[in-house]
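Working notes for the structure below.
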2 protein chains.
Amino acid sequence: MRYSRQRESILSILQATESHPTADWVYDKVRREISNISLGTVYRNLAQLEEMGQIRRINADGQSRFDANLSPHDHFRCLTCSSIFDIHMSHDDMTAGLPADVPFKVTGINLELLGVCNECQIKEIKGENSHVA
Amino acid sequence: MRYSRQRESILSILQATESHPTADWVYDKVRREISNISLGTVYRNLAQLEEMGQIRRINADGQSRFDANLSPHDHFRCLTCSSIFDIHMSHDDMTAGLPADVPFKVTGINLELLGVCNECQIKEIKGENSHVA
DNA sequence: ATCATAAACAGTAATAGTTACCATTAAGTT
DNA sequence: AACTTAATGGTAACTATTACTGTTTATGAT
């Protein structure tokens, strides 16, 4: 992977915020530094940075949001305004005694495990989908 | 809410599967019963059923998936083929001793709390966003 | 049973977020 | 400095979803 000013700028913008921004928000910000940067470049680099494990993708409603904070943590998402807040709490605490001191009205939990299913692992061994991401 | 054959059909299709289908999959299925049903009708009804709490929406990658199984459970999503599987396990077990007997290679957990943030609760009281979903 | 009302519809157009394409630029190597 | 090719900017295309509009239909009242 070759260095690029665009990617560096995108990453540092993400690292400087705690707001879990969308690609569009990043685009607006990075344009102040690189005025003619293309939106496609922003998307491409966000995908690459995710692939390299330098940022996390959160998919809320219809949009991706990005987070450069790699310390293990979870998120609270407001169903009204779509804001995302960091939650630093053990999963046990979260599901057991749900937040009393937290200014959120929590109405639901989405827990999702990610990985590779059995069938895909088998195919992987057979080399059948080396072409799949 | 008025009865409609279309909505009934959509709901019963969802209740008959464990595959967490997309709107498009539901559309294909329901067309076998109501051949001229419109895709817009499928989307509208899925949104209404969700609103009424009769189905759950799961948002994976760029698409919504739907689940009529209302018993509390979580999901495993394959990063390769996008399949979603039900996980019936306590959150404690899930995050503590992660699945050993399960045929998934688990590489990540997304836990997301949903609800209404402090700011939105205040606005709600003031009646400022009665127009917001 | 007929009628009136508006919810729900089918069909289509429009939108939003994202990806693909391609000619040009520039990072890194020789 | 010349070369190779990853990465870019600009634009077109694509996919999932929503909005619009005239028509149909469920349902409650006459």
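Throughout, protein chains are lettered first and strands after them, A, B, ... in sequence-line order, and every chain is numbered starting at 1. Keep in mind that the numbers below use all heavy atoms, side chains included, and drop hydrogens, waters and symmetry copies.
Side-chain N or O atoms of Asn59(B) include one that pairs as donor or acceptor with a backbone N or O of Asp61(A) at under 3.5 Å.
Under the 30°/60° scheme for interplanar angles, the aromatic rings of Phe104(B) and Phe76(B) are found to lie parallel.
In the 5' to 3' direction, nucleotides of DNA chain C lying under 4.0 Å from heavy atoms of chain A begin and end at dG17(C) to dG28(C).
Proximity of Leu14(A) to Leu46(A): side-chain heavy atoms (C-beta onward) are separated by under 4.5 Å at one or more points. In this structure the side chain of Glu112(B) never reaches within 4.5 angstrom of the side chain of Asn110(B), judged on heavy atoms.
Listed by chain and residue number, Ser9(A) satisfy the side chain to side chain donor-acceptor pair (under 3.5 Å) test with Glu33(A) (two or more places apart in sequence, or in another chain). For Asp28(B), the side-chain contact (heavy atoms from CB on, under 4.5 Å) partners at least two apart in sequence or on another chain are Arg31(B).
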I'd like a list of close polar pairs between nucleotides 13-16 of chain D and the protein, N/O only, cut-off under 3.5 Å.
none

Contact letters for nucleotides 20-30 of chain D, in which S counts primed atoms plus P, OP1 and OP2 and B counts the base, heavy atoms under 4.0 Å: -----BBS---
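A chain of hydrophobic side-chain contacts below 4.5 Å, direct or via other Ile, Leu, Val, Met, Phe, Trp or Tyr residues, connects Ile109(A) to Phe85(B).
Of all the residues in residues 31-42 of chain A, Asn36(A), Ile37(A), Ser38(A), Thr41(A) reach under 4.0 Å from DNA chain D with at least one non-hydrogen atom.
Heavy atoms from other residues, nucleotides or ligands lying under 6.0 Å from CD of Glu119(A) number 12 at most.
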Would Val42(A) and Asp24(A) satisfy side-chain contact (heavy atoms from CB on, under 4.5 Å), going step by step from the backbone distance to the final call? CA-CA 8 Å; Val42(A) 174; Asp24(A) 231 58; over 6 Å; no
Before giving the answer on side-chain contact (heavy atoms from CB on, under 4.5 Å), spell out for Gln6(A) and Val30(A) the whole-Å C-alpha distance, their side-chain angles and the decisive distance to 0.1 Å. CA-CA 8 Å; Gln6(A) 288 83 349; Val30(A) 74; over 6 Å; no
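Between the CG atom of Leu49(B) and the CZ atom of Arg7(B) there is a distance of 6.5 Å, given to the nearest 0.5 Å. Distance SG/Cys78(A) to CG/Leu113(B): 12.5 Å, rounded to 0.5 Å.
Along DNA chain D, the nucleotide nearest Gln48(A) and the nucleotide nearest Thr22(B) are compared for position; the residue whose nucleotide lies closer to the 5' end is Gln48(A).
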